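Atoms considered below: every heavy atom in the structure, side chains included; atoms not considered: hydrogens, waters and symmetry mates. As the structure is a prediction and not an experimental result, all values here were calculated from the model. Sequence lines set the chain letters: A, B, ... in the order given, protein chains first and strands last, and positions in each chain run from 1.
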Amino acid sequence: MKIGYACKTVGVPNTEMKSCILKNVSDSKLMDLITHNLDSLNNIIDYNISQGIPLFRISSDLIPFASHPVNSLPWHEIFAQPLADLGKKILASRMRVSMHPGQYTVLNSPDNEVTSRAIKDLHYHCQVLDALGVGPEHKVILHIGGIYQNKRLSAERFLCNFKHLDKRVRSRLVVENDDKAYNIEEVLDIGVKLGVPVVFDSLHHEINPSPAPRSQADWITVCQKTWQKEDGIPKIHYSQQDPAKKPGSHSRSIGIGQFIQFYQSIPKENIDIMLEVKDKNLSAVKIINCLCGDRDIKTLEAEWSRYKYTILECSPQAYKELRQLLCDKSQYPAMEFYTLLENALNSPREAGNCINAAQHVWGYFKNRATTAEREKFMALLQAYKLSRGTLAAVKGYLRKLTVEYRQSYLFDSYYFEL
DNA sequence: TGACGTCAAGATCCG
DNA sequence: CGGATCTTGACGTCA
């Protein structure tokens with residue numbers, strides 16, 4: 001079983017995808033952006049390997065305006081070598097990758113212009129995976145689309161348009177239930193008719209369930225049967241509702257307790273789980289560390305080193321408890337560790353604790369900073385204390401010092417992200 | 001016509 | 001001038 005995350009990282013340097021707006025597009029701009037994005041993707045892959053994250057969705061932003069007429073670059077040829085090298089690295093580490101066009105790629109639209117753009121976009125996504133040289137088990141995930149007053153006819157239009165896609169594209173496509181229009185039963189009907197694998201999305205299913213009285217585990221089992229040998233291990237999407245936001249909004253992090261409850265209810269074999277969550281790789285590492293019995297305390301210590309200043313900000317009490325939890329080097333208390341972390345991160349932050357944490361971080365610089373830097377930090381901190389300045393300004397300055405003085409321990413910390 | 005989702009790019013404001 | 005903060009963009013559907 002593989003656990004992974006989608007598109008971007010949190011707290012990993014040099015991994016961002018860059019783009020530009022349409023009116024600023026030029027060949028040279030696109031060349032720069034693609035060069036940068038491929039470098040970022042390479043850094044993401046390296047990070048995934050270093051953390052033992054075996055499943056990853058590549059961002060559609062990799063090639064800006066890829067399926068737009070404004071991009072006429074033969075990027076596929078120009079960047080053939082770096083793409084092939086990336087693919088080799090992915091395969092050598094046994095990582096599984098995927099891509100997922102967004103809600104605006106609609107194959108079943110009655111508007112021919114829309115479907116024609118969708119076809120181009122699907123072609124682009126497959127082209128990336130082809131250029132990487134990865135097999136057909138590295139998938140492109142697609143939703144069915146709109147309803148247009150008649151779901152039956154709209155589903156038939158999907159079937160018809162799908163059958164006209166390139167064979168290469170068809171061999172990579174999988175379909176997924178969405179949170180508004182097509183529930184899992186309807187997607188399964190389409191998937192079975194086309195011989196296309198179906199991805200079960202847990203949160204979409206909770207919001208837009210099929211009326212049929214089946215459990216999530218049952219639907220997953222049915223979906224698993226739509227995956228053939230060449231499609232690889234059946235995959236599902238898992239996410240949790242953000243309690244403060246509208247239905248369908250992904251949670252800040254994956255609650256480990258709720259995840260384990262779900263995990264215990266589903267088939268353990270023959271399944272990969274893609275997490276969709278705001279804290280991205282952080283939740284993936286958390287889940288993997290909790291499911292992996294053979295990791296040791298050093299793994300948690302490395303995690304602690306990245307979370308500690310944020311925890312100090314949230315709750316000095318939790319900070320103490322977590323330090324104590326990691327004292328016994330013969331244990332591997334992953335569940336307790338992450339449960340404590342989650343509780344702390346979910347608690348509201350008090351200014352006093354934030355100031356305390358900032359002063360701890362300042363400790364890295366106080367013996368090497370110039371007088372001007374010291375005065376600047378003190379001024380920002382004082383302004384925050386008096387509600388005349390923001391914590392963001394204080395932390396922004398600490399981040400700047402972190403880069404200037406190359407404090408790698410802080411640079412790898414989530415203090416500036418969480 | 002605007003909300004929806006996404007979040008960096010771009011624009012503007014501020015000291 | 002640099003940094004902080006606000007607005008726009010790019011996509012298609014639906015109310």
Sort me out a list of protein N/O and nucleotides 3-7 of chain B N/O pairs below 3.5 Å, or just none if empty.
{"residue": "B:dC4", "atom": "OP1", "partner": "A:Lys246", "partner atom": "NZ", "Å": "2.6"}
{"residue": "B:dG5", "atom": "O4'", "partner": "A:Gln103", "partner atom": "NE2", "Å": "3.4"}
{"residue": "B:dG5", "atom": "N1", "partner": "A:Tyr104", "partner atom": "OH", "Å": "3.0"}

Residues from residues 140-153 of chain A sitting under 4.0 Å of DNA chain C, heavy atoms only? A:Gly146, A:Ile147, A:Tyr148
Using atom [atom1] of [X] as one end and atom [atom2] of [N] as the other, report the distance to the nearest whole Å.
X: A:Asn71; N: C:dA10; atom1: CG; atom2: P; result: 14 Å
X: A:Lys395; N: C:dT5; atom1: NZ; atom2: P; result: 14 Å
X: A:Arg117; N: C:dA10; atom1: CZ; atom2: P; result: 13 Å
X: A:Phe416; N: C:dG3; atom1: CZ; atom2: C1'; result: 16 Å
X: A:Leu30; N: B:dA9; atom1: CG; atom2: P; result: 14 Å
X: A:Leu62; N: B:dA8; atom1: CG; atom2: P; result: 16 Å
X: A:Glu404; N: C:dG2; atom1: CD; atom2: P; result: 14 Å

Only one of A:Glu373, A:Lys400, A:Arg368 forms a side-chain hydrogen bond (donor to acceptor under 3.5 Å, both in side chains) with A:Tyr405, so which one is it? A:Glu373
Describe, as an angle rounded to 10 degrees, how the axis at the first end of the helix from B:dT1-C:dA15 to B:dG15-C:dC1 is tilted relative to the axis at the last end, five pairs per end. 70°
Between A:Glu186 and A:Lys151, does any NZ, NE, NH1 or NH2 come within less than 4.0 Å of an OD or OE carboxylate oxygen? yes
Going by an N to O cut-off under 4.0 Å, is there a salt bridge joining A:Asp32 and A:Lys18? no
Any donor-acceptor N/O pair, [X] side chain to [Y] backbone, under 3.5 Å:
X: A:Trp227; Y: A:Val198; answer: yes
X: A:Asn108; Y: A:Gly146; answer: yes
X: A:Asn71; Y: A:His68; answer: no
X: A:Ser154; Y: A:Ile147; answer: yes

Of the candidates C:dT13, C:dG3, C:dA10, the side chain of A:Lys400 sits closest to C:dG3
Candidates C:dA4, C:dT13, B:dA9 - which lies nearest the side chain of A:Lys18: B:dA9
With a 3.5 Å cut-off and sequence neighbours excluded, list the donor-acceptor pairs that the side chains of residues 158-165 of chain A form with protein atoms.
{"residue": "A:Asn161", "atom": "ND2", "partner": "A:Leu107", "partner atom": "O", "Å": "2.7"}
{"residue": "A:Asn161", "atom": "ND2", "partner": "A:Arg157", "partner atom": "O", "Å": "3.4"}
{"residue": "A:His164", "atom": "ND1", "partner": "A:Cys160", "partner atom": "O", "Å": "2.8"}

If we count only N and O atoms by modelled type, under 3.5 Å, do the side chains of A:Ser253 and A:Ser283 hold a donor and an acceptor together? yes
Let's go through A:Glu303 and A:Arg295 carefully: what are the C-alpha distance in whole Å and the side-chain angles of both, what is the deciding distance for salt bridge (Lys or Arg N to Asp or Glu O under 4.0 Å) to 0.1 Å, and is it a yes or a no? CA-CA 12 Å; A:Glu303 283 281 88; A:Arg295 297 195 168 188; over 6 Å; no
Less than 4.5 Å apart, side chain to side chain, heavy atoms only: is that true for A:Met1 and A:Leu291? yes
Any residue meeting side chain to side chain contact (heavy atoms under 4.5 Å, CB included) with A:His205, in chain and number order, not counting sequence neighbours: A:Asn177, A:Ile184, A:Phe200, A:Pro209, A:Gln216, A:Trp219
Using the ring pair (Phe, Tyr, Trp, His ring centres under 6.0 Å) definition, which of the options A:Tyr307, A:Trp304, A:Tyr309 pairs with A:Tyr414? A:Tyr307
Treating primed atoms plus P, OP1 and OP2 as sugar-phosphate and everything else as base, which nucleotides of nucleotides 10-15 of chain B get B, S or - for protein heavy atoms under 4.0 Å? SS----
Taking all heavy atoms of A:Tyr384 and all of A:Leu391, pick out the closest pair and write down the distance. CD1-N, 3.5 Å
